[in-house]
Structures are given as structure tokens and as C-alpha cells.
Amino acid sequence: MNLLKKCCSCFRKKIDAASTSTSHQLSDPTTDFKGQPRLPTFAVPKHYDIQLKPDLAACKFEGIVSILVDIVADTRFIVLNAAAQLHINSDSVYSDPNSNKVFEKPKVVKVKADEILLLEFSETLPKGMGVLYIGFEGVLNDKMKGFYISTYDHNGEKKNMAVTQFEPAYARQCFPCWDEPSFKAKFNITLLDVPSELVTLSNMPVDVEVLDGNRKTVYYQESPVMSTYLVAVVIGLFDYIEDHTPDGIKVRVYSQVGKANQGKFALHVALKTLGFYKDYFQMPYSLPKLDMVAIPDFAFGAMENYGLVTYREKDLLFDDQHSAAANKQRVATVVAHELAHQWFGNLVTMEWWTDLWLNEGFATWMSYMAKDKLFPEWKIWTQFFDHESSEGLRLDGLAESHPIEVEVNHASDIDEIFDTISYKKGASIIQMLKGYVGGPHFQNSLATYIKRHAWSNARTNDLWAVLKEECNEPTIDKIMNSWTKQEGYPVLSVKMKNQTLEIKQSRFLYAGSHDRCRWIIPITYCCGDYDSLISLLMEKKSETYDIKDLLSNITDPARSWIKLNVEQIGFFRVKYDDGLAAKLRYAIEHKCLSVTDRLGILDDSFALCMAREMSLTSLLTFMKAYREDLEHTVLSNLIKIIGKIERIVADARPELMNYIKQFFIGLLLPAAANFGWDPKQGESHLDAMSRGDIFTALAVLGHEETINEANSRFNAFLNDRNTPLLHPDIRKAAYVAVMQKVTSSNKAGLESLLKVYRETDLSQEKTRILGSLASCPDESVVYEALNFALSSEVRKQDAVFALAVSKEGREVAWKWLKNNWDKIRTTYGSGLLLTRFVGQIVSSFASSDKMKEIGKFFGSRTQASMVRTLKQSMEQIYINSKWVQTIRNDKDLAKAVEKLANK
């Protein structure tokens, strides 16, 4: 509540004045409540009794909610949330149990823009507990939010299931409520008049089920206190498998009928993860059951509803025969992430969306802790930098980034912050903080934090307070505020002079201008080996460190290197002077550095090149040092960089494309030869994932041998879906290779892929195919593929996978987006999926003229949820255009590329 008092003191004065007068009559009672970031707090919900009667055939529902409300100040008003599309019955009443007085016929006013419901009573409501009764009706929508319909096939018949998705602020679409995370309350849910053959699920176990012919009414046990965004209901036909944790928690995985066995791996992960989190947080899972449900139509990857976690099918189900190693890791990642929320988010909830990172950053980071415990052979922490930190650094290098703790002033702004900053940067600074204070201290601090704030709400400062106490680090808040309250991150420029290390920090921006921000930076470095690790805290803009003692014993050239940010624990980039960079290249070539450090140096070098602080000639020459590297995370990052360089060179120096492709193919062929097309007995999980990545990249680069072999294997697959010649790990590569041969006059490959798409019921297979179709270099085929993505054959949440467009198809993709904008906007409304359509297509361009064209198009078409993404995309175009100019002016590039290609 302090945030409301701090930010809205003027609002508070208005409300207090209005609520303490019984005779004061407002001509417009909504005046004092419109446009406010938060609901007033003179009435606080304590318990909801919600009765819902869904009609799955007619796609509508009705219900009544009785809310136990604590009136804490004299008021004639009750202000809560209700969406515009929720019809509120006119017979709402408020009952005071102490006096048995009923307050009837309040004036009911809805403010659509703010999604608030104002009930104005004719006299002051007494302080203390009372019950508010509201009836309502609504539509089971098709937008994958609120209370919505998902469709599925059962025995050849299309059927509906009803599903809720209330995060961040969509519970108000289902029932009137105080739809903010700080208004925690207990809930009793009842589902009325449901077909008896359907499975009905909610957060808590069933209390009583009453059958009436072929219908049933289901009453659920009372929940503990929780926020409205965690309330959940699922109704449909399902199979399930179940098991129990050692302490008796029943865990089930629900799937469409016939797919129960595909839930076995997720069930295994869930059982082991619950036990790990119980030990790590020193707090058991807090509900008697955990259900995990695969939903065919689902906008997010998953949703952590308390006790009833919902998932996209591809993120929960794993088919032993047709799912790839990458799919297996994805299922483990998503399950571990959502179960971490049962502690970080559900048990302890952020006070307001400003602190969303406390939910998402910690769930992301904890998922790695769980995966490392369950699957140590995955070497998951070597993947953390590539999957999390690198992506966080990429977005946070834009001027249009935002702080981790970002002010949210309206519910319409919340969707925008479910982004890389909250998830990936959040997780990365947690990893940095753990490295600074030490693992045991950090774990004890988190356990104390959970205990202290269980069943309540918390802010970022509450976490810092615990860490200061447990770690005896009085400056934790000062250090971490520099990372959470300001956007961006530093680049450390490092020079060696007279055996002294000179380090200067400045903000890293791809646009090229470094401002005056300053961070307090935990730094590690080592000289020549990892036994000489030094840790320090950099607080000034520039500092020097005498390292002659570290260098005195180094005579071997292979050990003369200096590496900052050991194992990439810190969330910053490093720019070395030429002498230090040359020694690191030698160390990389001779495998003197760890996997993560080799990866980090590569990632920093590419970022510096895009920011025009390193020439492309220098970057390509440096990349040659990675030719023999077979580690999965290094290869993964190398492949991403190759794709980006190929596109920018196509814009800047198209005459060099053949040499560029030849060089990149040469970089990847040693790995391709090592892994081969077929799985090897006893190979690692990481090698299995690398195989598909390598051959996909070679296909995109036009490597004829790869394309021909992939097409041959695909043809065998068409004749026998169970052939060992096309293992799931290489199917994406084969599908991309098939599309390289498709033209407007020869669409046989496209038609074959669509045949496989239509015949499979495995979501992972469908998304593999969708992600391959637009890789075709033929523009007309790309347009056709994008049209298919908007067809009824593709589920709405899956269409974005089809936006992986070839460099040749970028212009036609932009044309397609403009031509179909009204349909896309109508289909997706507002939210994350809509922003992905914009971001993925728009940000790949590299000219100022295109930036103007895009700006003009969206000038009158921008919605609140896509403003930040559009600004970031426009900035990326600007960065690309500057990069293109720099590459065109690189006089050494042509000779260097020709030389690299021929070698």
C-alpha cells in the first residue's frame, strides 16, 4: 500500500474527502477514480465465493460472486475491477452482518478505459466486514485470455474446452474483483451445471461433487490467500497420469485423450523439482495437489496458477519417438520455471507489477538450479549465458530498454514488461548477485525471504533487506539498485600498461553513444589460469589495478592471457585493447579458456562490431579461432552470429556474399563432420542438440551437400514416418533444406511438408514445420507460407513460428504484414503475440527510408501494448543502417573475406 501512498497522494486526498461524507453527492462519481494506476484501498477483499456456470456449446457463462470485504474507512463507494465485456447485473447488494442491514440498489457505473466498476451507495457503509454480492454474465472468448474457449478434436469431432488465463490483469474478464496482486484473498470456487463426462479442475482439490443426471456441480476446497491472477479453472475431456511426492503431494499431468504417456517426462521433472525446491527454500510446497494441464490454444509458454499450472502442449508433452532433445530440455525448463513460481510468485507475491522481475527473474534462474540438479549431464550452466544473459544484454543494449524495476501506471502497460528484461536480465543479475555473496549465503537468504513474506506481498527492497542481514553485506541495496533502477549495463574498456590493468566503465549502447551512467560492478578476473582468480568491486568510472605479482610467474605464451568476467557471471561486456585481445585469441585457439568464457568473448566481440567499435574484418578474423570448437553453447552462439552477419552483409556488400557463405560453411563443417547425421551410441544431450543446429545453419547457407542429403532423408521419411534416417533432432534441418529447393514453379517440397503438418497431432512437429516454411528464398513462396500461418489450420499462438523469414523474404514479409494488419490486429487484439508480429518482421531492416515507411504506417495504428516493441524495432533498424554504412567503408573487408573463404 505504500506505493499507492507515495505515488498517488493527491488521489488519496480526493478519495478520503469523498468517502468520509455521507451527504456529499457527485455529479459524476467516476471523476475521482478515472485514470488511476491503482484501486483505492478503503475497501479490501478478504474472501471470494465464486459460482460459475459455463456453457461450452454457446461459448458463454454466467455467475455470481460474494466477496467478504473489510471496509477500513467511511465510504459510500466500492471500487473494483470489471472488464468492459463483462455484463454486471443491476441487483448488486452489500450486506452488513453485524447490523443485518442490507444496502441495495447502488448506482452502478463502469469505466471501460480503466476497467473499473464503481458502486455508489446512498449512505455510508459501516466499517468492518461485510459481504458484496454481484451477478454477472460474459462470453467465453477466443483470445486466449480471461475465461476463454480452446478447441480440440475427439474421435473426429471438434469440441470446446473452457480455460482461464488471468495473468496479468484478466481475472476481471471473468468476475468482478480487486484485480491487483496486493489484494490477496481466499477463494471458494464452484462450477455449476457442467456435463458430467467432462473433467473439471481448479486450484484446489474437489470438496463435493453433486451429480444430477448427465450434469454435475463441483465444489472445491477453500484456497489459501492468493492474488486474483492465480485463480484458475479448466473444463474439458482429458486423460491423465499421476504420482505422489515422498511427502504425499498428488501430482497429475493432464493431456488430450490418447496422449497420457506423453506426460511421463514432465511428471518425472515435476516430482523431482518439488522435492528440490522444498529443500532449497526450506519450505514445502503449500497445497495438497498439483495439476499440470496441456492446453491446445495457449498464448504463453505456461501459466503458474496456484495448484493448477497450464501449458502449451509443446511445453509439457514429450513423445519418445518424435520429440527432439531440444524439446526435452524445453519441457524441463518450463516445468521447473512454473514450479518455482509456486514459491516465488504464488506463496510470496510481488506487491505491484513494478516488481514483476521478482517473479519472473527468480523463476527463470531457479529453473537452472533445478535442471542442474536433475540433469547434471546437460551442463545447463554453460547454456545460461547463451540463453539468458546474452539475450538480456542484446535488448538492454538499446536506448529504448527499460529498468528492471519499471513504473507501471496503468493496467494497459503491464503486458509490455513481460519481456527479456524482466525474465533474462532479471535472472542474470540474480546469478551475478549469487556469485558476489556466495551460494550458501544466497540460499539461506532466499529461504529467510520466503519464510518472512509467505502468504503476503513483497518488493525488491524486502529482498535486499534480507540479503543485507543474512550475508552481512550492508551495501547490497546500493550495489543492486544500480542494476535494477536504471536501464542498461556497462562495457568495461580494459588496457594493460606497465603491468597495470586500467579499467573504465561506460554504458554500452548499440547506437554508439555512451552516457554518464555508473554501476557498482562485481568483477572477477584471472591471469593465465583459473587458479589466480581475483574478485573486486568497481565503484568508480575508472580504476587501475597492479597485477605485476600475477604476471611475474608467467613465461608460457599460452598462459599470458587476462580474462575479465570469469565464467560470464557479471552482466556487462568487456572491450580489450589489441594486445590483450590477441592473447585471448591465442588462448581460445589452444582451448585454454572454459566453454563459457570462450562463448562470452565471442558474444562481446559481435556486440562491439554491431556497435561499430570493432570492424567486421576484425570480427571475422577473430571468428576463425572457433573453427574447431565443438561445444554446444559456443556453436549455438556462433550460428546466431553467422545468421546476423549474413543478413547485414547482404544489405551492405552483396558482392561479397559468396565469400562470406564459403567462410561460414568452412567454420561449421568440422562440427558437422564430427556429429554426423545419425545419433551415436552414448552421445551427450548437448551433442544431440548441436547436430540439428549445425545442419540447419548449413542448409540456410546453401551448402549443397547438406541440402541434398537432407532432402534424401526427408523423402525416406515421407514413405515411412518411423524411419531412423530422419531422427527428430535433425527434422528441422531437413525441413529447412527442403524449403531451399522450393520455388513458385516447383512447390512439391512445400506440399509434402504441409502434408506432414496436417497428418501429425504432435504440437512440436507442427511448430518445427511452421518455423521452416518461410526460410525459402523465393519471395512468392514466403508470402504463401505467411498466409498459411494465418489460416484456420494454424492455432493462433503458433503463427509467430512462421515469422522466421529468409533474408530474401524480408520485404515481402513487410508487405504481407501491412496487407494483413487489420486481420492480425483483430485476431490477436493486444498483447504479447501481436508485438511479436511487429518485432520479428520489422527489426530486420537496415535503411533509414524503411524506418520512415514503417513509422508512417504505424503512426495511426499503434496500440499501448506494442509501443515499446515498436520503438525498439525502429531503434534496431537505425543501428542496422549505421552498421551497414560502417561495413561499406571497411576497405580491408573484401580482401580479408576472400582470404578467409579460400582458407
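Positions are given from 1 along the sequence.
- Put simply, the side chain of D578 never gets that close to the backbone of A581: no donor and acceptor are under 3.5 Å apart.
- Applying the side chain to side chain donor-acceptor pair (under 3.5 Å) test to D890 and every residue at least two apart in sequence or in another chain returns T617.
- Heavy-atom neighbours of K818 NZ from other residues, nucleotides or ligands within 6.0 Å: above the threshold of 12.
- Under the rule for a side-chain contact (heavy atoms from CB on, under 4.5 Å), the partners of D778 that lie at least two apart in sequence or sit in another chain are T743, S744, C776, S780, V781.
- In terms of the salt bridge (Lys or Arg N to Asp or Glu O under 4.0 Å) criterion, E416 has no residue partners (sequence neighbours excluded).
- Under the side-chain contact (heavy atoms from CB on, under 4.5 Å) criterion, K766 pairs with Y757, T760, sequence neighbours left out.
- By the 30° and 60° cut-offs, the orientation of the rings of F717 relative to Y735 is tilted.
- Taking the six-membered ring for Trp and the full ring otherwise, Y510 and W883 have centroids separated by 6.0 Å or more.
- Applying the side chain to side chain donor-acceptor pair (under 3.5 Å) criterion to T886, with sequence neighbours excluded, gives no partner residue.
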List the atom pairs, donor and acceptor, that lie under 3.5 Å between side-chain atoms in residues 838-845 and the rest of the protein, sequence neighbours left out.
residue	atom	partner	partner atom	Å
Q840	OE1	R836	NH2	3.3
S843	OG	G839	O	2.6
S844	OG	I841	O	3.4

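- Every residue two or more places apart in sequence or in another chain was checked for a side chain to side chain donor-acceptor pair (under 3.5 Å) with Y659, and none qualifies.
- Applying the side-chain contact (heavy atoms from CB on, under 4.5 Å) test to K852 and every residue at least two apart in sequence or in another chain returns nothing.
- Residues passing the ring pair (Phe, Tyr, Trp, His ring centres under 6.0 Å) test with F622 are Y626, sequence neighbours excluded.
- Note on ring orientation: taking the six-membered ring where Trp is involved, the planes of F858 and W821 are perpendicular (angle over 60°, cut-offs 30° and 60°).
- For D577, the side chain to side chain donor-acceptor pair (under 3.5 Å) criterion is met by no residue, not counting sequence neighbours.
- Annotation: side-chain contact (heavy atoms from CB on, under 4.5 Å) contacts of A789 (sequence neighbours excluded): A799, A802.
- When the ring pair (Phe, Tyr, Trp, His ring centres under 6.0 Å) test is applied to F300, no partner is found at least two apart in sequence or on another chain.
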### Task
For E388 and Q383, run side chain to side chain contact (heavy atoms under 4.5 Å, CB included): C-alpha distance rounded to whole Å, both residues' side-chain angles, the deciding distance at 0.1 Å, then the answer.
CA-CA 8 Å; E388 312 302 336; Q383 300 182 55; over 6 Å; no
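- In this structure, Y368 and F384 have perpendicular ring planes: the angle between them is above 60°, well past the 30° mark.
- Without hydrogens or angle criteria, K815 side chain to L817 main chain gives no donor-acceptor distance under 3.5 Å.
- With E391 as the partner, the salt bridge (Lys or Arg N to Asp or Glu O under 4.0 Å) test is satisfied by one option alone out of K640, K424, K425: K640.
- For the pair R868 (side chain) and E400 (backbone), a donor-acceptor distance under 3.5 Å is absent.
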